[in-house]
Participant: 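What follows is a single structure, and I will ask about it in a moment.
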Protein chains: 2
Amino acid sequence: MKVAIVSSNNLKNTKLGPSTAGDLATKSILELLSHTTIDKSSIDGLIVTSNSQEIYLSNIVSEMCGLKPKFSTRVENLCNSGTSGILMAFSLIQARICKAVIVVGTEKQNSIGNKLNWDISRGIFDMPIHWAAMYASNHFQKFGTKPEDLALISYKNHLYANKNPNAIFYNKRFSFSQILDSDMVAEPLRKLDCCYPCDGASSLLLVSEDLAYKFESPIWIRSISQNSQGASFASISHSLDYIASTKIAAKEAFEMASMSPKDIDIAEVHDAFTILELLAYEDIGFVKKGCGRNFILDEIININTRGGLLGCGHPIGATGISQTNEIVLQLQGLAKGRQISNLKSGLVHNMAAAGTSTTIILLQN
Amino acid sequence: MKVAIVSSNNLKNTKLGPSTAGDLATKSILELLSHTTIDKSSIDGLIVTSNSQEIYLSNIVSEMCGLKPKFSTRVENLCNSGTSGILMAFSLIQARICKAVIVVGTEKQNSIGNKLNWDISRGIFDMPIHWAAMYASNHFQKFGTKPEDLALISYKNHLYANKNPNAIFYNKRFSFSQILDSDMVAEPLRKLDCCYPCDGASSLLLVSEDLAYKFESPIWIRSISQNSQGASFASISHSLDYIASTKIAAKEAFEMASMSPKDIDIAEVHDAFTILELLAYEDIGFVKKGCGRNFILDEIININTRGGLLGCGHPIGATGISQTNEIVLQLQGLAKGRQISNLKSGLVHNMAAAGTSTTIILLQN
């Protein structure tokens, strides 16, 4: 049973506003539905992905949207919640339990998911930047990567964000030296090496093969794979050279699809910090280990064309959906001012704190 | 692809204790694994079902148990969380994404899930008993049901709980008149018409067909169905005669399995309040609408043999798993002091507040 994504929506990311996570999810779904011909009664699955403290969100959002899905639940898996929801929707359709599933990710800027409260191996360093800084220092020392390489990633993604009206940094330019000289937060990472937690919501409509052909430009899920390593930095960082969950999930996703990194024309990678985008190049297999710094200049693959987390902001539970949304739009040829031409295959890389878990999705038009 | 439940565990339900929801889930999984021969590395899925405010529980529990599953996430769907997790595990296996999935439900007595904070149609009546009382009043008026009929359900379930060492009311007897004369809470429901929110955790191991035959007494999932109606009492109570989500989910589960209520030998129904057990008899189809009060005396089917939520307590996110655990044990012939003989088919009925959603699972040995 093939599964396709046939419609998507992304709200504009904002600073903390008055809407609840449920309100944002509802708005995104209603906008998505207004652009399709599918009847509400045909939506038989709803998955809400969020780290919000709001309880029974999936039932509330169902009701607010006028949906009565067969299956409905909330999924929480930290920053990797969005694609975890997509994987579940994919499974529900493959298992023939549902035929048309909406996955909506939603988050508030003050989400508890922004702090890593559990991991005692971090001591008092409970902000994600501390482990990101360790990965960066290691890469600098071992592979000769420089602050300028990281700044270039931030520069590129902010440039792309300027073309994306939904990005929190839309129409906000940063020069290369502004990035390179921004405040140091955790050596060697600076303020503009970091993404910006924000309010946001994004949604996707996944359908079974027979329904997919009724829509224009269905985008097919060629494979989807996840890997979980644990929840503490001590247990998942046997080496600071790579993110194990990304390497494993990517390898499996490519095997499942009988594809290789060379087949990918466009990708969204999880750049919560600049160093993570660089590691993703290597761990996914776009370049050899240690060579990430050269990859960005080659520009063979289009990476984070919506602006990434660095340029768009990071509404935690929604991010994986927003990333997938961008690849879907690009493969459909609907990315407007930032559309890349001649695209066939795209990749989504969504992960949670320090590589706790990673999901990889391969998509084709 | 057939899916079987091959192992299960249930901790003793308790009043509020020092363990976190993560601790309880970990304990239940480690106990489950200690009774099977499966290797930890073969567990490729972990779903944690809980209304807890603890974030990224599935990753924490993975690590505490020494698991590195491919797929891992937390699921929250109020009182219907447990069976929502089972439905997802079933889908993951059917979709051939996973082969061996542990679903663990866990909850603390002070879970935020005990209060219905969202539903403005309830006014200040945000405790579930208020809507349960409306269903009860309606049944009394329309079908001649009496306080004694509800008390009999409580009496029966407490009697069963006396045989279940994991029940919070194990070894605690109530006479029929003690139940009938217990404090009035919301007319016509009394204290002993209500379940007792508590700490608890329960877990199940679901596997694909090829793995199932390596275990003794696999219990097969014949069908599993869910229906969601909304999140506010106003939107789901067009009639107080029945719970729509239960009727729809049960009808579909029987159709999927080509079975009928007559084929069921044993059932766990969601008796958060006595009236809900009576409605479940009718909505599932064991008796005609309005005749629930007679059904309990006929005793053709064994209902809530572990003591139900009334006798065992109700650790919200774990309850659906505990209910399924009981049917699995009974069908395996491992229910010890409360074992019923000659069982072939069992039913699990798990629902959320006021019939927001219901899941029905049909199991066979």
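Below, each value reflects all heavy atoms present in this structure, side chains not excepted, and no hydrogens, waters or symmetry copies. All chains are named by letter (A, B, ...) in the order of the sequence lines, taking the proteins before the strands, and each is independently numbered beginning at 1.
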Participant: Return the option, out of A:Ser84, A:Gly66, A:Pro69, with the maximum number of heavy-atom pairs under 4.5 Å with chain B.
Facilitator: A:Pro69
Participant: Specify which of B:Lys68, B:Lys70, B:Met256 makes the most heavy-atom pairs with chain A at under 4.5 Å.
Facilitator: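 Among the listed options, the one with the most contacts to chain A is B:Lys70.
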Participant: Measure the shortest side-chain to side-chain distance between B:Leu33 and B:Ile102 over non-hydrogen atoms and say whether it is less than 4.5 angstrom.
Facilitator: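 Sidechains of B:Ile102 and B:Leu33: in contact.
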Participant: For each of A:Leu92, A:Asn59, A:Val75, tally heavy-atom pairs with chain B at distances under 4.5 Å, and name the one with the top tally.
Facilitator: A:Asn59
Participant: Between A:Ile224, A:Ile112, A:Asn227, which has the largest tally of heavy atom pairs under 4.5 Å with chain B?
Facilitator: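 Greatest number of close heavy-atom pairs with chain B: A:Asn227.
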Participant: Answer whether the closest heavy-atom distance between the side chains of B:Thr319 and B:His270 falls below 4.5 Å.
Facilitator: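 Contact flag for B:Thr319/B:His270 side chains = yes.
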Participant: Between B:Glu252 and chain A, with a heavy-atom cut-off of 4.5 Å, which part of the residue counts as in contact: side chain, backbone, both or neither?
Facilitator: side chain
Participant: Looking only at heavy atoms and a cut-off of under 4.5 Å, which of A:Ile55, A:Leu78, A:Leu67 has the most pairs with chain B?
Facilitator: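 Of A:Ile55, A:Leu78, A:Leu67, A:Ile55 has the most heavy-atom pairs under 4.5 Å with chain B.
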Participant: What residues, two or more places apart in sequence or in another chain, satisfy side chain to side chain donor-acceptor pair (under 3.5 Å) together with B:Thr359?
Facilitator: B:Asn80, B:Thr83, B:Gln226
Participant: Search all heavy atoms of A:Leu309 against all heavy atoms of A:Cys195 and return the closest pair with its distance.
Facilitator: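 In terms of heavy atoms, the two residues are closest at O-CB, 3.5 Å.
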Participant: Any idea which heavy atoms bring A:Gly317 and A:Glu107 closest together, and the distance?
Facilitator: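 Looking at all heavy atoms of both residues, the shortest contact is N-OE1, 2.6 Å.
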Participant: Please look at B:Met64 and chain A and tell me whether the side chain, the backbone, both or neither of the residue comes under 4.5 angstrom of a heavy atom of that chain.
Facilitator: side chain
Participant: For A:Ala212 and A:Trp220, which heavy atoms make the closest approach, and how far apart are they?
Facilitator: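 Residues A:Ala212 and A:Trp220, closest heavy atoms: CB-CH2, 3.5 Å.
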Participant: Which residues pass the ring pair (Phe, Tyr, Trp, His ring centres under 6.0 Å) test with A:His349, sequence neighbours left out?
Facilitator: none
Participant: So do B:Ser52 and B:Leu57 actually touch side chain to side chain, heavy atoms under 4.5 Å?
Facilitator: yes
Participant: Under a 4.5 Å cutoff for heavy-atom pairs, which residue among B:Thr20, B:Leu87, B:Asn51 has the most contacts with chain A?
Facilitator: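 Going by pairs under 4.5 Å, I would pick B:Leu87.
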Participant: Find the one option among A:Ser235, A:Ser62, A:Ala249, A:Ser81 whose heavy-atom pairs under 4.5 Å with chain B are most numerous.
Facilitator: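 Ranked by heavy-atom pairs under 4.5 Å with chain B, first place is A:Ser235.
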Participant: What are the two closest non-hydrogen atoms of B:Lys40 and B:Cys65, and how far apart are they?
Facilitator: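 Shortest heavy-atom contact: NZ-O, 2.8 Å.
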Participant: What closest approach, in Å, do B:Leu206 and B:Ala89 show between heavy atoms, and which atom pair accounts for it?
Facilitator: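 Taking B:Leu206 first and B:Ala89 second, the nearest heavy atoms are CD2-CB, 3.9 Å.
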Participant: Measure A:Ile248 against the heavy atoms of chain B and call it side chain, backbone, both or neither at under 4.5 Å.
Facilitator: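 Interface part for A:Ile248: neither.
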Participant: Of the backbone (N, CA, C, O) and the side chain (C-beta and beyond), which part of B:Ser58 lies under 4.5 Å from a heavy atom of chain A, both, or neither?
Facilitator: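 B:Ser58 touches chain A through side-chain heavy atoms alone.
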Participant: Taking only residues two or more places apart in sequence or in another chain, which ones pass side chain to side chain donor-acceptor pair (under 3.5 Å) with B:Ser239?
Facilitator: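 Partners of B:Ser239 by the side chain to side chain donor-acceptor pair (under 3.5 Å) criterion come out as none, since no residue qualifies.
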Participant: Spell out the residues in residues 94-101 of chain B that have some non-hydrogen atom less than 4.5 Å away from a non-hydrogen atom of chain A, in order of number; otherwise answer 'none'.
Facilitator: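 Those residues of residues 94-101 of chain B which have a heavy atom under 4.5 Å from chain A are B:Gln94, B:Ala95, B:Ile97.
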